[in-house]
Number of protein chains: 2
Amino acid sequence: MELDDRKKRVLQAIVDDYVATNEPVGSKSLIERHNFQVSSATLRNDMAELEKLGFIEKPHTSAGRIPSDRGYREYVDSLMKIDTLTAKEQEEIEANISGTVDEAAELIKSATHSLSEATGFVSLSMSPRLRKSFLKQMKILMIEPGKALVVLVLSAGVVKDKVVRIPNYLTDEQMFKLSGAIEKNLTGKPLDEITFVTVETAAKDTEIPSPLLKQVLYEAYTAIKQADQLSIYLEGEHKMLAYPDFSSLGRARDLLGTLSDSGMVAGYVNEMENLATSSGKKDSYMIRIGQEITLEGLDDCSFITATYNMGDTVSGNIGVIGPKRMDYSRVISKMDFVKKKLNEELKKLT
Amino acid sequence: MELDDRKKRVLQAIVDDYVATNEPVGSKSLIERHNFQVSSATLRNDMAELEKLGFIEKPHTSAGRIPSDRGYREYVDSLMKIDTLTAKEQEEIEANISGTVDEAAELIKSATHSLSEATGFVSLSMSPRLRKSFLKQMKILMIEPGKALVVLVLSAGVVKDKVVRIPNYLTDEQMFKLSGAIEKNLTGKPLDEITFVTVETAAKDTEIPSPLLKQVLYEAYTAIKQADQLSIYLEGEHKMLAYPDFSSLGRARDLLGTLSDSGMVAGYVNEMENLATSSGKKDSYMIRIGQEITLEGLDDCSFITATYNMGDTVSGNIGVIGPKRMDYSRVISKMDFVKKKLNEELKKLT
DNA sequence: GATTAGCACTCACCACTTCCGAGTGCCAAC
DNA sequence: GTTGGCACTCGGAAGTGGTGAGTGCTAATC
């Protein structure tokens with residue numbers, strides 16, 4: 001069932017032409033644009049074959065062929081060659097990313113922005129997964145009676161904080177003691193190994209009456225857990241409206257509706273990432289095409305993600321969502337470049 | 001140029017019908033739906049008059065009339081009567097707002113969400129304008145050599161923080177002294193009266209060598225200034241695609257494109273707010289209709305905002321953007337209710 | 001002077017038709 | 001396996017006519 005050489009070329013040509021023109025491509029125009037050394041009838045036979053194998057399909061009887069999801073899949077897996085960016089393209093991307101941002105979150109945002117600008121598609125980034133990072137510092141600051149700020153400094157230089165409610169009569173000094181104890185005992189532990197019990201044990205040798213303690217500990221614990229929460233940043237949703245692929249209002253609405261539920265998208269990205277990690281297959285990028293994407297309204301999209309790193313144990317994702325009728329090679333090389341730059345800049349921060 | 005009574009009723013009826021049906025309304029259907037005690041010919045004369053005055057217009061020669069921006073303006077200014085919400089509507093809104101959120105930012109977000117859900121339109125909120133709030137606490141926490149976290153506690157219970165870079169050899173203790181000095185001298189001052197000079201003066205009596213100080217002070221100062229920065233939160237952009245008013249892809253794209261530039265929208269809201277404040281005219285809500293809105297692509301929208309309060313001196317805005325062909329009365333009463341609830345909940349927080 | 005009935009006119013919209021051409025499958029010949 | 005030829009398909013553009021809701025205007029009436 002391996003495709004012979006010419007059939008591969010035909011499929012590739014169909015994808016290329018369709019991406020470029022957004023029109024079903026027929027045997028004749030294929031001959032005109034590419035110099036196959038055979039007649040259109042031969043190509044017709046090849047195309048019939050490709051259709052039987054599920055790589056291409058007809059929108060209606062008397063039209064040319066368009067790639068199916070499977071066709072795109074074959075294309076990205078073994079047909080396309082990734083080209084390199086021109087110096088100018090590289091410059092544009094770099095200009096957007098570097099600059100004076102010196103906080104990781106800002107940096108990641110700017111990379112996401114750059115990615116959307118460079119591709120013209122929706123781009124996204126997931127905040128770093130901090131489960132594997134560990135506590136470096138913990139401070140509890142009294143704000144006013146009954147209210148305190150828990151500040152966590154994690155490895156990889158991430159700072160998180162959260163306002164929590166505490167019993168009114170707890171003093172500044174008690175808080176200081178408490179945070180010191182927790183800090184001392186939990187430093188170095190990965191976040192995902194910290195449980196309520198660990199926190200409780202860590203606080204044992206303070207002399208604060210335990211009923212009071214309980215609430216604070218619980219708040220401290222949730223603050224730690226919340227630091228681990230994933231957040232997603234999406235940009236450029238409206239750009240999808242520019243593509244004829246979504247010119248039907250219904251499609252556009254479904255797509256943007258789904259994208260507006262950022263929690264759902266975040267969940268999907270996370271799931272994809274986990275799947276890829278556990279299956280051990282780790283390309284530098286991941287692609288989902290059309291129906292492979294289980295999010296509603298993304299049937300005509302492709303979803304490409306990559307992983308960035310912050311320190312040794314912490315990573316997150318950046319990604320692009322565009323019409324599946326996209327120039328994969330260019331998009332991938334752009335995303336790869338953004339990722340590379342982002343990694344470099346993140347390294348500088350630590 | 002005052003409209004006589006019947007003409008007012010005609011205009012009102014035209015707006016009501018057009019909002020309900022999205023179809024140009026003609027003299028005959030007007031007679032059918034409302035019981036004017038006159039013939040269609042009379043209404044035709046009235047309508048010709050209204051058109052001459054600029055309240056209504058024809059999309060093309062042989063069609064009915066639709067309200068012009070001016071017509072809507074007249075309608076909201078003096079024709080419509082604001083109706084009250086049903087118990088059920090109130091409940092739905094309340095359910096979304098109250099709940100367990102106990103941080104102001106979260107609360108405001110949830111109100112915004114609720115507003116979008118209730119109206120079916122885009123909703124937005126501006127973070128509180130903190131210029132008028134004052135410093136209650138300031139702490140500088142060392143994170144690691146060269147890096148510190150500036151934590152500001154402002155009146156109205158707002159907590160802001162920022163990671164800043166500091167000279168490597170500054171110690172924890174020095175930082176503590178410094179923040180104490182600044183805190184002591186600036187507490188009670190409104191944010192907009194704090195300048196770099198004030199900060200410098202406040203730090204005078206610490207014994208830290210001044211060249212070192214300069215950089216930290218500058219960072220502290222920018223941290224304070226940044227706390228004052230406005231941020232905007234927009235929700236439900238995709239919902240606009242559901243309205244036939246934006247069924248043309250071009251319009252939809254312009255609209256969503258503009259809305260995606262949140263800085264621009266924020267600037268506009270701020271400008272509107274300032275204008276209203278300085279002109280002294282302070283309704284409980286503000287409306288901009290169609291061309292009155294200077295943002296690109298919002299010609300077919302109306303933009304309604306209201307002000308929420310946090311403590312005595314601090315306020316922000318919530319708002320709705322929908323098609324100008326909207327049921328103003330319902331939208332306004334919903335927004336009013338959300339605002340009321342939000343104010344109540346914010347009060348509870350302090 | 002305001003209101004009304006009547007009438008000729010306008011024009012978007014819909015359904016219907018026609019026509020064109022790019023594309024197809026298939027077959028017989030090379 | 002490749003090719004030329006041919007009948008067939010069908011979406012889309014362009015044209016057509018009828019319909020109906022709407023208009024403005026005029027002359028008669030209250």
Side-chain angles (χ1 to χ4, degrees), chain A residues 1-11 13-18 20-68 71 244-245 247-248, chain B residues 2-11 13-15 17-18 20-68 71 244-245 247-248:
Chain A
M1 214 222 53
E2 225 349 59
L3 294 176
D4 69 41
D5 234 40
R6 194 182 58 219
K7 291 210 186 63
K8 278 185 186 168
R9 274 192 67 207
V10 172
L11 178 54
I14 289 176
V15 173
D16 285 341
D17 281 12
Y18 184 62
T21 64
N22 192 25
E23 243 143 63
V25 358
S27 52
K28 213 162 160 190
S29 65
L30 217 44
I31 292 277
E32 274 164 24
R33 253 188 295 241
H34 310 259
N35 62 333
F36 291 99
Q37 304 292 18
V38 293
S39 79
S40 69
T42 309
L43 291 195
R44 273 204 292 284
N45 291 333
D46 287 353
M47 285 159 85
E49 187 81 6
L50 284 170
E51 187 175 0
K52 203 174 296 170
L53 293 171
F55 291 117
I56 54 180
E57 54 199 23
K58 293 186 275 204
H60 51 261
T61 330
S62 72
R65 306 301 214 292
I66 62 176
S68 65
D245 311 67
S247 63
S248 125
Chain B
E2 226 347 58
L3 294 177
D4 69 41
D5 234 41
R6 195 184 57 223
K7 291 208 185 69
K8 277 184 187 167
R9 276 191 64 209
V10 172
L11 178 54
I14 290 175
V15 173
D17 281 13
Y18 183 60
T21 65
N22 192 24
E23 242 141 65
V25 359
S27 50
K28 214 162 161 191
S29 65
L30 216 42
I31 292 278
E32 273 164 25
R33 253 188 293 241
H34 310 261
N35 63 332
F36 290 100
Q37 304 292 17
V38 293
S39 79
S40 69
T42 309
L43 291 193
R44 274 205 291 284
N45 291 332
D46 287 353
M47 287 161 83
E49 188 81 5
L50 284 169
E51 186 175 1
K52 204 174 296 167
L53 293 170
F55 291 115
I56 55 180
E57 53 198 24
K58 293 186 276 204
H60 54 261
T61 331
S62 73
R65 307 298 216 293
I66 61 175
S68 65
D245 312 66
S247 62
S248 124

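Proteins get letters first, then strands, A, B, ... in listed order; numbering begins at 1 in each.
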Visitor: Regarding B:Arg9 and the six-membered ring of B:Phe36, is the cationic atom NZ or CZ under 6.0 Å from the ring centre and inside 45° of its axis?
Guide: yes

Visitor: For a quick test of reading the model: is some side-chain N or O of B:Thr61 closer than 4.0 Å to OP1 or OP2 of D:dT23?
Guide: no

Visitor: Between B:Gln37 and A:Pro24, just flag the one whose closest nucleotide in DNA chain C comes earlier from the 5' side.
Guide: B:Gln37

Visitor: Nearest to the side chain of B:Arg44 - D:dC10, D:dG24, C:dA12?
Guide: D:dG24

Visitor: Taking C-beta and beyond as the side chain, do B:Val10 and B:Ile56 meet within less than 4.5 Å on heavy atoms?
Guide: no

Visitor: Ion pair present between A:Glu51 and A:Arg65, side-chain N to carboxylate O less than 4.0 angstrom?
Guide: yes

Visitor: What's the CZ-C1' distance between A:Arg65 and C:dA22, to the nearest Å?
Guide: 13 Å

Visitor: Describe, as an angle rounded to 10 degrees, how the axis at the first end of the helix from C:dG1-D:dC30 to C:dC30-D:dG1 is tilted relative to the axis at the last end, five pairs per end.
Guide: 20°

Visitor: Check whether any side-chain N or O of A:Lys52 sits under 4.0 Å from OP1 or OP2 of C:dG25, and answer yes or no.
Guide: no

Visitor: Between D:dT9, C:dT4, D:dT3, which nucleotide has the shortest distance from any of its atoms to the side chain of A:Ser62?
Guide: D:dT9

Visitor: To the nearest angstrom, how far is A:Ile31 atom CD1 from D:dT2 atom C1'?
Guide: 12 Å

Visitor: Mind checking what makes salt bridge (charged side-chain N to carboxylate O under 4.0 Å, His left out) contact with A:Asp5, not counting sequence neighbours?
Guide: none

Visitor: Out of D:dG11, D:dT3, C:dT24, which has the shortest distance to the side chain of A:His60?
Guide: D:dG11

Visitor: Looking at every strand, decide which applies to B:Ala41 at a 4.0 Å heavy-atom threshold: base, sugar-phosphate, or nothing.
Guide: base

Visitor: Check the distance between C:dG1's C1' and B:Asn45's CG and give it to me in whole angstrom.
Guide: 12 Å

Visitor: Would you kindly give the CZ-to-P distance between B:Phe36 and C:dA2, to the nearest whole Å?
Guide: 18 Å

Visitor: Going by heavy atoms in the side chains, are A:Leu53 and A:Leu3 under 4.5 Å from each other?
Guide: yes

Visitor: Any side-chain heavy-atom pair from A:Arg6 and A:Thr42 closer than 4.5 angstrom?
Guide: yes

Visitor: Hey, does B:Ser29 reach any base, or is it just sugar-phosphate, or nothing, if we go heavy atoms under 4.0 Å?
Guide: sugar-phosphate

Visitor: How many Å lie between NZ on A:Lys7 and C1' on D:dG1, as a whole number?
Guide: 10 Å

Visitor: Could you pull out all residues at least two apart from B:Asn45 that satisfy side-chain hydrogen bond (donor to acceptor under 3.5 Å, both in side chains)?
Guide: none

Visitor: In whole angstrom, give the distance that lies between atom CE of A:Met47 and atom C1' of C:dT24.
Guide: 9 Å

Visitor: Whole Å only: how far is the CG atom of A:Leu43 from the P atom of C:dC26?
Guide: 17 Å

Visitor: Given D:dG24, is OP1 or OP2 found less than 4.0 Å from the side-chain N or O atoms of B:Lys58?
Guide: yes

Visitor: Does a nitrogen or oxygen in the side chain of B:Arg6 sit under 4.0 Å from OP1 or OP2 of C:dT3?
Guide: yes

Visitor: Return the value, rounded to whole Å, for the distance between atom CD1 of B:Ile66 and atom P of D:dT23.
Guide: 13 Å

Visitor: Would you say A:Ser39 places a side-chain N or O within less than 4.0 Å of OP1 or OP2 belonging to D:dT2?
Guide: no

Visitor: Kindly say if A:Ser27 contacts the phosphate of C:dT24, meaning a side-chain N or O under 4.0 Å from OP1 or OP2.
Guide: yes

Visitor: Heavy-atom count check: over 12 atoms from other residues, nucleotides or ligands less than 6.0 Å from A:Lys28 NZ?
Guide: no

